Amino acid sequence: MTYDPTGHLLLTPVDREAPARVQRLRRLGFGERPDAAFDDFARNLAEVTGSPYAMVNFIDEKRQFFAGLHTPSGTRGESGPGRATGAAGVGRSMARDHGYCPHVVVRRKALVLEDVCDYPRFAGNPVVDEIGIRSYLGAPLIDRTGIALGTVCVVDTAPRPWGRAGLETIKSLAADLVEQIHRREDGGI
């Protein structure tokens with residue numbers, strides 16, 4: 001964790017793996033542009049979990065990029081302004097200190113927040129006020145090199161009882177996507 005000049009605890013953890021992740025993402029060609037296969041994956045993720053928002057998120061040192069995105073209107077963020085500015089305007093990228101995916105990547109473990117307001121560390125995150133996020137479920141995408149490339153996640157504007165079933169679902173879908181990434185890297189898709 002880091003502190004701002006006023007001595008307040010900042011919400012985003014220090015990410016020592018970011019430089020290696022950026023190199024790996026560049027080799028894979030991820031994190032710079034939307035990907036139709038990842039959009040389809042996000043749509044399926046939203047359907048399976050019954051969530052209004054779903055993302056395939058790759059994280060570098062400064063930002064998060066939603067290579068796969070599903071929103072409640074079924075759009076994929078093309079009309080968004082390039083960053084999250086409200087529920088209707090979720091775009092393809094977001095500052096690294098917004099949201100909960102950076103925690104998942106650094107922890108290398110899934111994260112379940114049934115109501116973010118129940119956790120002081122997470123309740124103050126900018127996505128709560130700017131987008132209205134109230135619940136989060138995400139899992140890391142750890143590839144064959146051991147690098148956490150990013151996450152798959154779903155969010156809702158209302159508290160959600162994700163429970164153990166939600167946790168197992170997001171972890172299973174993250175593993176499925178990692179296998180797809182490996183097949184793509186190997187030239188299979």
Side-chain angles (χ1 to χ4, degrees), residues 1-18 21 42 45-66 68-72 77 80 83-142 147-175 177-178:
M1 288 288 168
T2 57
Y3 293 86
D4 72 14
T6 64
H8 291 86
L9 181 66
L10 294 178
L11 301 175
T12 307
V14 174
D15 183 359
R16 300 188 199 301
E17 193 176 65
R21 178 180 317 105
L45 182 58
E47 288 174 6
V48 166
T49 61
S51 302
Y53 297 91
M55 293 77 113
V56 174
N57 184 9
F58 298 115
I59 302 173
D60 66 24
E61 291 113 324
K62 295 186 171 116
R63 72 178 181 127
Q64 304 174 67
F65 184 77
F66 305 124
L69 177 64
H70 176 80
T71 65
R83 66 178 191 76
T85 58
V90 173
R92 288 284 180 171
S93 65
M94 186 164 59
R96 192 180 167 282
D97 62 349
H98 284 51
Y100 309 106
C101 291
H103 294 272
V104 171
V105 166
V106 170
R107 291 169 19 127
R108 302 173 64 84
K109 291 177 17 179
L111 178 63
V112 178
L113 299 172
E114 293 182 343
D115 185 343
V116 298
C117 295
D118 288 345
Y119 303 88
R121 177 179 183 185
F122 297 121
N125 194 284
V127 299
V128 174
D129 292 331
E130 292 178 16
I131 304 173
I133 299 304
R134 285 294 300 275
S135 60
Y136 172 91
L137 178 64
L141 297 169
I142 300 173
I147 293 176
L149 301 173
T151 67
V152 293
C153 70
V154 293
V155 297
D156 202 335
T157 56
R160 292 282 299 265
W162 303 110
R164 168 117 356 245
L167 177 63
E168 294 307 319
T169 297
I170 199 78
K171 289 166 56 176
S172 175
L173 290 168
L177 185 58
V178 168

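What you are looking at is a predicted structure, and each value in this text was computed from that prediction instead of being measured. Basis for what follows: all heavy atoms, side chains included, without hydrogens, waters or symmetry-related copies.
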Practice item. Just do the ring pair (Phe, Tyr, Trp, His ring centres under 6.0 Å) check on Y100 and Y136 with the steps written out, would you? Key: CA-CA 8 Å; Y100 309 106; Y136 172 91; 5.4 Å; yes
Practice item. Run the numbers on E47 and H70 for side-chain contact (heavy atoms from CB on, under 4.5 Å), then give the verdict. Key: CA-CA 10 Å; E47 288 174 6; H70 176 80; over 6 Å; no
**Study point:** Evaluation steps, side-chain contact (heavy atoms from CB on, under 4.5 Å), between F122 and L111
**Key:** CA-CA 11 Å; F122 297 121; L111 178 63; 4.3 Å; yes
Practice item. Begin from the C-alpha positions of R134 and E114 and carry the test salt bridge (charged side-chain N to carboxylate O under 4.0 Å, His left out) through to its verdict. Key: CA-CA 8 Å; R134 285 294 300 275; E114 293 182 343; over 6 Å; no
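Heavy-atom minimum distance, M94 versus V127: SD-CG1, 3.8 Å. Contact detail for R21 and V105: the closest heavy-atom pair is NH2-CG1, 2.8 Å. Shown here for A123 and V128, the closest heavy-atom pair between the two residues is O-CG2, 3.4 Å. Heavy atoms only, all atoms of each residue included: A42 and G68 are closest at CB-C, 3.8 Å. Considering every non-hydrogen atom in both V154 and A54, the closest pair reads CG1-CB, 3.8 Å.
When atom types are taken as modelled, the side chain of S135 and the backbone of A158 share a donor-acceptor pair closer than 3.5 angstrom. Between the side chain of R107 and the backbone N or O of A110, at least one donor-acceptor pair lies under 3.5 Å. A donor-acceptor contact shorter than 3.5 Å links the side chain of Q64 to the backbone of A95. A distance-only check finds a donor-acceptor pair linking the side chain of N125 to the backbone of G99 [under 3.5 Å]. In this structure, R63 contributes its side chain and S93 its backbone to no donor-acceptor pair below 3.5 Å. For S172 (side chain) and E168 (main-chain N/O), no donor-acceptor pair under 3.5 Å exists by modelled atom type.
The shortest distance between side-chain heavy atoms of I170 and W162 does not fall below 4.5 Å. A 4.5 Å side-chain heavy-atom check between F58 and C101 finds every atom pair outside the cut-off. The closest side-chain heavy-atom distance from L113 to L137 is not below 4.5 Å. With a 4.5 Å cut-off on side-chain heavy atoms, D156 and P52 count as touching. Side-chain contact check for L45 versus M55: every heavy-atom pair is 4.5 Å or farther apart. Counting only heavy atoms from C-beta outward, the side chains of V14 and V106 never approach each other to under 4.5 Å. Side-chain contact between V178 and I142: absent, with no pair of heavy atoms (C-beta onward) separated by less than 4.5 Å. Between D118 and V116, the closest side-chain pair of non-hydrogen atoms is not below 4.5 Å.
A salt bridge does not link R160 to D115: none of the charged side-chain nitrogens sits closer than 4.0 Å to a carboxylate oxygen. Ion pairing between R96 and D15 holds under the 4.0 Å rule for side-chain N and carboxylate O.
Rounded to the nearest 0.5 Å, atoms OG1 (T151) and CG (L177) are 10.0 Å apart. Note that CG of L167 and NZ of K109 are 10.0 Å apart. Values are rounded to the nearest 0.5 Å. T71 contributes atom OG1, which lies 6.0 Å from atom CG of L69 (distance to the nearest 0.5 angstrom). If you take CZ on R164 and OG1 on T169, they are separated by 11.5 Å, rounding to the nearest 0.5 Å.
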